[in-house]
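Just so we're clear, the structure is a prediction, and the values are computed from it rather than from any experiment.
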Number of protein chains: 2
Amino acid sequence: MAEPATPITPTTPTTAGAPPVGGATSAPVGASKSQRTYHWIRERIDRQEFVPGYRLVLGTIAEELGVSVVPVREAVRRLEAEGLVEFEKNVGARVAMVDEADYLHSMETLGVLEGTATALSLPHLGAEEVERAQRLNDRMRSLLDEFDPGEFTALNHEFHDVLHLHCPNPHLEELVQREWTRLARLRRSTFAFVPDRAPESVAEHDEILRLIRTEADALDVELAVRRHRWRTIDAYRRHRDA
Amino acid sequence: MAEPATPITPTTPTTAGAPPVGGATSAPVGASKSQRTYHWIRERIDRQEFVPGYRLVLGTIAEELGVSVVPVREAVRRLEAEGLVEFEKNVGARVAMVDEADYLHSMETLGVLEGTATALSLPHLGAEEVERAQRLNDRMRSLLDEFDPGEFTALNHEFHDVLHLHCPNPHLEELVQREWTRLARLRRSTFAFVPDRAPESVAEHDEILRLIRTEADALDVELAVRRHRWRTIDAYRRHRDA
DNA sequence: GCGTCACGGAGCGTATACGATCTGAGATAT
DNA sequence: ATATCTCAGATCGTATACGCTCCGTGACGC
């Protein structure tokens, strides 16, 4: 009674998609109210209807969703653990504040993670994927005229995803995806702020694909991907200071 | 303390004035019950009293801590978001399962992150820190005779921490620390499993410090740190397959 | 005019209550 | 003997209730 300490049969891994930090935020149908509330809030934050600093009043949200505050509290707790929401005891929750420094730090980190993830994926990368990446980059090039930052960023994301989709280290891959999510929240698109960067980006993509095709050293590929990302940081800084 | 002798209704004995989370190392004092519950569970998981697969029954925990289930639920939600606990709807929570692959993936990722964090820290690293790291490594060397894996791992952690304490990218630094936490949960000490690795590790530390002292290229330092970690993976694999 | 304090509303933290769902044991049919 | 059904206990999910903390507002004293 005091200390049961009975390790339950460690059979079923119960993989219920525990870390749903990844990409899209679709509202599960059979989910609990707490889950649905989580997705509801999350969605608003993602599409920036709830901007940083926005006050999340539990009672109000509960009323709006037709549930009680308990599920709302759980949803907010989860968002808090993910860093999307900041909580102050006896005061309440608000959408987490972000600043430019966060953006640059995330960008820098993404460069590292993505570079390594791509390098580790090389042995598992077929000609098929390289072709697909090439086609994506060609589409990006064709978009350079009538420039749409959102579309461009989406293609950019997809391009890089293809290169490390088969990453043998799923943990690393997850961190990469988290970083993308974080960036999306911080700024919907880099290219809206530094449009000059787009043509360079396309050229660098070509260079990365060339390295992969010629079976260059993994480290060279890794550093190429990293530099590609880090150059965007430099471009941003230059643009800002200019 | 816990309960400031609330003059509440007589229906709240508060577990006979028991300060439940008393000597807890990390339990905040002014924290809410939900927070204290979180730390209470977290601590058990960290010190492996709650092993992977252990069933976390909300009602039982609530009773043990003298609180209601609501704060417990919030605590568990937070642990779930952090990946320490897996939750299944209408069934309950259990401590997350881990396997060897997770361990190796975390190790690999840590190598990458720590390497970069160290490299970025170089410009902010004074002779003082290098000295401190050297002393730590000397202590590790002196421990090689009467080998204590736990102590060795603690010093090892501290050694590496010193080298990227002043990392200019706090986000990256946080990811490094998370990886350490994750590893600690997966396996208390690598060196208990691969004791041969300890002397090599000390030697590699010396080499890293040499590179730093001679102001080697940042990339060389980064790769040295990374290789240092990755070699442990190789050693582990060899040891396992042998 | 300005600082201080009392008061009241808004909203948080937690306990309790109760219906909903899962699990496992024993009964029953094949 | 095996498979299936049934039912009760264990737990979870959520609603409701209510005390408590925080914060803004206005009266009061200097």
Proximity to the side chain of A:Pro71 - top-ranked nucleotide from C:dT14, D:dT11, D:dA15: D:dA15
Which nucleotide in the set D:dA15, D:dC12, D:dG13 lies at the smallest distance from any side-chain heavy atom of A:Ser32? D:dG13
Ignoring hydrogens and angles, state whether a donor on the side chain of B:Glu100 or B:Tyr236 is under 3.5 Å from an acceptor on the partner side chain. yes
Under 3.5 Å, is there a donor on one side chain and an acceptor on the other for B:Glu49 and B:Tyr54? no
Whole-Å distance separating the [atom1] atom of [X] from the [atom2] atom of [N]:
{"X": "B:Arg77", "N": "D:dT14", "atom1": "CZ", "atom2": "P", "value": "8 Å"}
{"X": "B:Glu74", "N": "C:dA15", "atom1": "CD", "atom2": "P", "value": "11 Å"}
{"X": "A:Arg94", "N": "C:dG11", "atom1": "CZ", "atom2": "P", "value": "12 Å"}
{"X": "B:Leu65", "N": "C:dG13", "atom1": "CG", "atom2": "P", "value": "18 Å"}
{"X": "A:Phe87", "N": "D:dC22", "atom1": "CZ", "atom2": "P", "value": "13 Å"}
{"X": "A:Arg55", "N": "C:dA10", "atom1": "CZ", "atom2": "C1'", "value": "9 Å"}

Can you tell me if the side-chain N/O atoms of A:Arg73 get under 4.0 Å from OP1 or OP2 in C:dC12? no
Tabulated below should be each protein N or O lying under 3.5 Å from an N or O of nucleotides 20-25 of chain C; please produce it.
from	atom 1	to	atom 2	distance (Å)
C:dT21	O3'	B:Asn90	ND2	3.4

Taking [Y]'s backbone N and O only, do any of them form a donor-acceptor pair with [X]'s side chain (distance below 3.5 Å, no angle check)?
{"X": "B:Ser32", "Y": "B:Gln35", "result": "yes"}
{"X": "B:Glu129", "Y": "B:Gly126", "result": "yes"}
{"X": "B:Thr60", "Y": "B:Leu56", "result": "no"}

Specify the residue among B:Gly59 and A:Gly66 whose closest nucleotide of DNA chain D lies further upstream toward the 5′ end. B:Gly59
Ranking B:Leu56 and B:Val70 by the position along DNA chain D of their nearest nucleotide, the one closer to 5' is B:Leu56
So, using ring-ring contact (aromatic ring centres under 6.0 Å, His included) as the criterion, who are the partners of A:Phe147 when residues are at least two apart? A:Phe152
Would you indicate what B:Ser34 reaches in the nucleic acid, counting non-hydrogen atoms under 4.0 angstrom: base, sugar-phosphate, or nothing? sugar-phosphate
Mind checking if B:Ile61 touches a base, just sugar-phosphate, or nothing, with heavy atoms under 4.0 Å? nothing
Could you give all pairs that pass the ring-ring contact (aromatic ring centres under 6.0 Å, His included) test and reach residues 160-187 of chain B, with sequence neighbours left out? B:His157-B:Trp180, B:His160-B:His205, B:His160-B:His228
